[in-house]
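Lettering follows sequence order; numbering is per chain, from 1. Fair warning: this is a prediction, and the values are worked out from it, not measured in the lab. Hydrogens, waters and symmetry mates are skipped; everything else that's a heavy atom, side chains included, is used.
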There are 2 protein chains.
Amino acid sequence: LIECQDLTKIYKTGDVETAALRGISLTIEKGEFVSIIGPSGSGKSTLMHILGALDTPTSGQFFLENADVSTLDDDALSELRRSKIGFVFQSFNLLPRATVLRNVMLPLLYLNIGEMQRKQKALAALKSAGLEEDRYYNLSNQLSGGQMQRVSIARALINNPAIILADEPTGNLDTKTSQVIMEALCRLHKNGHTIILITHEAEIAAYSERIISIRDGIIESDKKNAKR
Amino acid sequence: LIECQDLTKIYKTGDVETAALRGISLTIEKGEFVSIIGPSGSGKSTLMHILGALDTPTSGQFFLENADVSTLDDDALSELRRSKIGFVFQSFNLLPRATVLRNVMLPLLYLNIGEMQRKQKALAALKSAGLEEDRYYNLSNQLSGGQMQRVSIARALINNPAIILADEPTGNLDTKTSQVIMEALCRLHKNGHTIILITHEAEIAAYSERIISIRDGIIESDKKNAKR
Ligand SMILES: Nc1ncnc2c1ncn2[C@@H]1O[C@H](COP(=O)(O)OP(=O)(O)OP(=O)(O)O)[C@@H](O)[C@H]1O
Ligand SMILES: Nc1ncnc2c1ncn2[C@@H]1O[C@H](COP(=O)(O)OP(=O)(O)OP(=O)(O)O)[C@@H](O)[C@H]1O
Ligand SMILES: [Mg+2]
Ligand SMILES: [Mg+2]
């Protein structure tokens, strides 16, 4: 499903160059549940953005379902992201002055389905993400940190994407709420979705089948989760 | 040092009222190290904003060093915040297009000290927060999530505030980096600072002397940390 070879990503800030990724090669099959762990600044979010076709590598190759992503034009990339990928961002990226419901319904706008049906799907996604119903008409800048995180998760799930990329989805959540999220991701995994999850919490990585550890822009280890 | 009686906070969204705090009473002595824990949406950040004089309660009383905060005018409140309180926000609140150094030096602008000295203090604060030196000239929107979090922590520490209010300061950090932060907070505590920390991680709350648990806008329990 996903195959990268020797991905590098170099950021230029003035004359300074930062090598965020220094040669990442990995293969993820359809239906896998993978965690990516590693120290702060090691390149996890950078890798995730490339895997989600939101950013391009400086060098190296990236194939998504056998298509070389570097050969796709902007329209093809947008279509790929909208139909196949659900992205939970580390900093949520919600529209602050739109309601929770509107935020979650956003990815469905390009589909030809009516408002009633879009709203039904949003309610189902929010239920999976464990957000209480009395929050649904709040604007997203009227929420607690963990509530925003759950809206961001619901939005990623709404178009039932084949691949879910989640960047620290439980960073602002207490244990009980984290469990609700992880159970939702496990259900999706059972239904055949591919889950790639960045986390710094060992208890969260423990839900996955395979743990890839990144340090300073390279893969340090890539192992099956012994506890599962 | 800090005393609140029956604090309430009610948000109005349209015709809907949300009672974020429903009667909080507590006393925190100078030099204590307190954690506030509780489920997502329980009112922790709301309470923190009131304790940091960034927001006013709907009812109830709040005394800071024996001054009734509701009687202070805007200038007095600004002065209080700048000189006595260091605030680490749950969503960092950095200036995205200013460098790391400029962001950290910001709270010192009102003091009559030269740029050289402000820069020295910023370097010391960043060292405590464990941010690598090669990040110091990045703009804050060119950082990883955990790096932004550390800049936000350094900025809170730079004017050596008597009271440090930290809202989920380790939410985006791996274990090792979290330890660096907690050691810095413990050093400050040893030097007489008052630390009030919101966290959803038990290992982080374990560093404190007292743990206050909040649920649905009220205090559920308030106990000494048995492990310390
Ligand atoms: N501006 C606002 N308008 C309406 N409701 C609000 C507003 N800000 C916060 N709330 C609500 O107040 C309640 C408490 O929010 P608060 O941010 O204090 O929670 P929290 O304990 O910090 O949660 P988390 O652990 O998720 O950060 C939440 O239910 C939230 O939706
Ligand atoms: N736009 C940018 N310009 C320059 N450097 C950048 C930029 N974005 C990220 N970086 C750097 O690239 C490195 C990797 O960043 P990345 O966000 O991938 O880390 P991460 O593993 O997700 O960290 P965290 O766990 O803190 O979220 C970091 O050192 C960061 O400072
Ligand atoms: Mg990251
Ligand atoms: Mg909060």
Can you tell which part of A:Thr46 gets under 4.5 Å to a heavy atom of chain B, answering side chain, backbone, both or neither? neither
Given A:Arg150, A:Lys44, A:Lys176, the one with more heavy-atom pairs under 4.5 angstrom with chain B than any other is A:Arg150
Euclidean distance, B:Leu173 CG relative to A:Glu168 CD, rounded to 0.5 Å: 9.0 Å
Rounded to the nearest 0.5 Å, how far does CD of A:Glu201 lie from OG1 of B:Thr170? 8.5 Å
For atom NZ of A:Lys121, is the number of surrounding heavy atoms from other residues, nucleotides or ligands below 6.0 Å larger than 12? no
Side chain, backbone, both or neither: which part of A:Ser91 has an atom under 4.5 Å from a heavy atom of chain B? neither
Gap separating the CE atom of B:Met148 from the CD atom of A:Gln90, nearest 0.5 angstrom: 7.5 Å
Roughly how far, to the nearest 0.5 Å, is the CG atom of B:Asn172 from the CD1 atom of A:Ile198? 10.5 Å
Report which part of B:Gln149 has an atom under 4.5 Å of a heavy atom belonging to chain A: side chain, backbone, both, or neither. neither
Which bit of B:Gln142 comes within less than 4.5 Å of chain A, counting heavy atoms only: side chain, backbone, both or neither? side chain
Check the surroundings of atom CZ in B:Arg102: do more than 12 heavy atoms from other residues, nucleotides or ligands lie under 6.0 Å from it? no
Let's go through A:His200 and B:Thr177 carefully: what are the C-alpha distance in whole Å and the side-chain angles of both, what is the deciding distance for side-chain contact (heavy atoms from CB on, under 4.5 Å) to 0.1 Å, and is it a yes or a no? CA-CA 11 Å; A:His200 69 262; B:Thr177 318; over 6 Å; no
Got a donor-acceptor contact below 3.5 angstrom from the B:Asp174 side chain to the A:Ser40 backbone? yes
Atom OH in A:Tyr137, atom CG in B:Asp15: separation rounded to 0.5 Å? 12.5 Å
If you tally heavy-atom pairs under 4.5 Å against chain A, which of B:Ser45, B:Pro39, B:Ala20 wins? B:Pro39
Assert top hit (heavy-atom pairs under 4.5 Å, partner chain B, pool A:Thr18, A:Asn138, A:Asp167) equals A:Thr18
